[in-house]
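A short worksheet on the structure shown next.
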Amino acid sequence: MEKLHISCDGGDYDILIAPEHPEEALALPGGKLLVCDSNVAKLHRAWAEKLTAPADTFVFPAGEKAKNADTLLAICRRAAQLKLDRGATFVALGGGVTGDLTGFAAAIYLRGVEVMQIPTTLLAMVDSSVGGKTAIDIPEGKNLVGAFHQPCRVVIEPRLLATLPKRELGNGLAEVVKTAVLGDAQLFELLESNARRLFDAPLPEDLYAEIILRCCRVKSAVVAADAHEHGCRAFLNYGHTFGHALELLSGFRLAHGEGVAIGMVLAAKLAVRLGVCEAELAARQLELLRALGLPTLVPAGIDPRACLDAMRGDKKARNGRVVLILPEAIGKVRAVGDVPPEIIADFLREVFA
Ligand SMILES: NC(=O)c1ccc[n+]([C@@H]2O[C@H](COP(=O)([O-])OP(=O)(O)OC[C@H]3O[C@@H](n4cnc5c(N)ncnc54)[C@H](O)[C@@H]3O)[C@@H](O)[C@H]2O)c1
Ligand SMILES: [Zn+2]
C-alpha cells in the first residue's frame, strides 16, 4: 500500500493506493450515500456496498450527459429522503463524471458534507479524484458551475481498472503523459520503457500503482501550492488549451484524452518553434504517445481559425488572452501568456495543413 497525505487550503486528507485492508480504508463514521453510474453499478457496486455499508446507493445513467443539475439535485434529494445529517459522507464510486457530480452534491447538501472518492477510471485515479474541483455541465458549456470541495479521503484500487474499456484506459494515459511532462521526468522514462505492457491482460497492477502514485504526488504538490487555481495549478492544463478546442471542434468525436494527446503534440511543436525547448523533447513525446496508441494528428476538416477562436473562448483564457503551457524539458513546463495571436494563428495554419 502507498499513502500520500495532502495538506492544502480547504483540506487535509490521505490518498490510499492499493490498501492492504480495504475494509478499513473505506470505513467512515456517519451515514453514507454511495453514488455510481449504471456501468460501474453492474461491475463494482456489490464490492463497494459490502465495504462501505451505505444507507442507499444512487445510480444514474453512465455518460457525460448526466453530469447536470437534475442529477445533482436528485443526489441531494435522495440524501434528504434518507435523512442524512451533517455527519454524513457521500461516496463517489466511478470516473470523473461521478466524482465531479458527487463532490459537488457534497459541497452543497446541508451546505457541505464529506465526500470520499473511490475512482474507477485511470483518468479519475490520476487526475479528477484529487484536488477538490467539482462541477456540473450546463447547456452553455462544460464544468461551468461548480465548487472547490476537497475529499475527506481518496481510496484507489488499481485492480478496478481491469474492467475499463481500452479507449478509456488510453484517455487516462494521455493525462499520465501530461503529468510526466509537467512534473516527473522519471515517470516519463517509466512510461517509455513499459509502453507496450500497459494494455496487457491481465493488467500490470503494480506498474499502474506506481504510475498512479507518481501522478498523485505531482498533482497534490501542485494543488497544495495553489488549491484555488490562481497560479501554478494552470500547469495541469498542459495540452488542454489546444486539446479542449479540438475536442469541441471535432463535435466530441475526439475523447478528452485524445484531444489532450494532440494538444500536447501541438504545444511541444510550438515550444520548439519559440525556442522554449529542444526538438528532441517534442520527438520523444510524440513517440511515447504513438506507442500508447494515442492520436497525434489534428483530424481532417478542422479549421485553424475556428481553433484559435475556441482557444480564446476557453474558460481559462483571461480577457480573450490565451495562456499556453509550454514544455521546457521533460518534467518542467512554463506558462506563457504573451504569444501574439498572429503567431499562434500562423502556427495553426501550418500544422493543420
Ligand atoms: N475535477 C477535476 O479536477 C477533473 C479533472 C479532469 C476531468 N474531470 C471530469 O472528469 C470527467 C471525465 O472522467 P472519466 O473519463 O473518468 O469519465 P466517466 O466518469 O464518464 O467514465 C468513463 C466511462 O467509463 C465507465 N467506467 C468507469 N469505471 C469503469 C470501470 N472500472 N470499468 C468499466 N467501465 C468503467 C463509465 O461508466 C463511463 O462510461 C469529465 O466530466 C471531466 O470534466 C474533472
Ligand atoms: Zn484533462
Side-chain angles (χ1 to χ4, degrees), residues 137-144 171 174-175 177-183 229-290 294-353:
D137 304 331
I138 53 176
E140 287 71 17
K142 281 179 72 173
N143 294 326
L144 290 188
N171 262 323
E175 302 285 0
V177 174
K178 171 198 85 172
T179 309
V181 175
L182 79 89
E229 207 165 28
H230 301 302
C232 69
R233 192 159 179 164
F235 291 171
L236 298 171
N237 235 19
Y238 175 52
H240 281 60
T241 313
F242 289 113
H244 279 150
L246 295 172
E247 228 185 311
L248 183 75
L249 296 173
S250 76
F252 293 95
R253 269 181 302 116
L254 280 177
H256 176 71
E258 294 166 352
V260 170
I262 303 169
M264 291 189 286
V265 172
L266 296 181
K269 265 194 187 157
L270 182 60
V272 174
R273 168 84 50 98
L274 297 173
V276 173
C277 74
E278 304 284 336
E280 193 225 340
L281 180 153
R284 263 177 86 187
Q285 180 187 262
L286 182 67
E287 195 170 324
L288 176 58
L289 292 169
R290 280 192 186 138
L294 286 159
T296 55
L297 295 171
V298 177
I302 295 186
D303 172 39
R305 189 77 235 171
C307 183
L308 183 60
D309 288 344
M311 286 165 70
R312 294 173 100 171
D314 194 89
K315 188 163 66 163
K316 289 184 178 122
R318 298 267 185 262
N319 309 321
R321 231 187 52 184
V322 179
V323 178
L324 289 169
I325 308 300
L326 299 179
E328 290 183 350
I330 301 284
K332 189 160 187 278
V333 292
R334 172 201 302 182
V336 183
D338 56 2
V339 185
E342 313 82 69
I343 301 255
I344 304 178
D346 285 349
F347 169 73
L348 289 174
R349 255 195 308 277
E350 241 173 79
V351 290
F352 280 35

Gap separating the OG1 atom of T296 from the CG atom of L288, nearest 0.5 angstrom: 11.5 Å
Check ion pair D346-R349 (N to O, under 4.0 angstrom): yes
Distance in Å, L286 CG paired with L294 CG, rounded so as to fall on 0.5 Å steps: 11.0 Å
Side chains of V322 and V339 in contact at under 4.5 Å (non-hydrogen atoms): no
E342: side-chain contact (heavy atoms from CB on, under 4.5 Å) partners, not counting sequence neighbours: P340
Where I302 and S250 come nearest, the two heavy atoms and their spacing: CD1-N, 4.2 Å
Shortest non-hydrogen contact between P299 and L254, atoms and distance: CG-CD1, 3.9 Å
Spatial distance of atom CE (M311) from atom NE2 (H244) [nearest 0.5 Å]: 12.0 Å
Atom pair CZ/CD of R253 and E258 - distance to nearest 0.5 Å: 10.5 Å
CD1-CG distance between I344 and L308, expressed to the nearest 0.5 angstrom: 6.0 Å
Residues E175 and K178 bridged, charged N to O under 4.0 Å: yes
Atom pair CZ (F235) and NZ (K332), whose distance is rounded to the nearest 0.5 Å: 8.5 Å
I325 side chain near L182 side chain, heavy-atom distance below 4.5 Å: no
Note, F242 side chain near L324 side chain (heavy atom, < 4.5 Å): yes
Which donor-acceptor pairs under 3.5 Å do side chains of residues 260-278 form with protein atoms, sequence neighbours excluded?
unit_1: R273; atom_1: NH2; unit_2: E350; atom_2: OE1; d: 2.8

N/O donor-acceptor pair under 3.5 Å between D137 side chain and N143 backbone: yes
Nearest heavy atoms of L246 and C307, plus distance in Å: CD2-SG, 4.3 Å
Student check: side-chain heavy atoms of I330 and L281 closer than 4.5 Å: yes
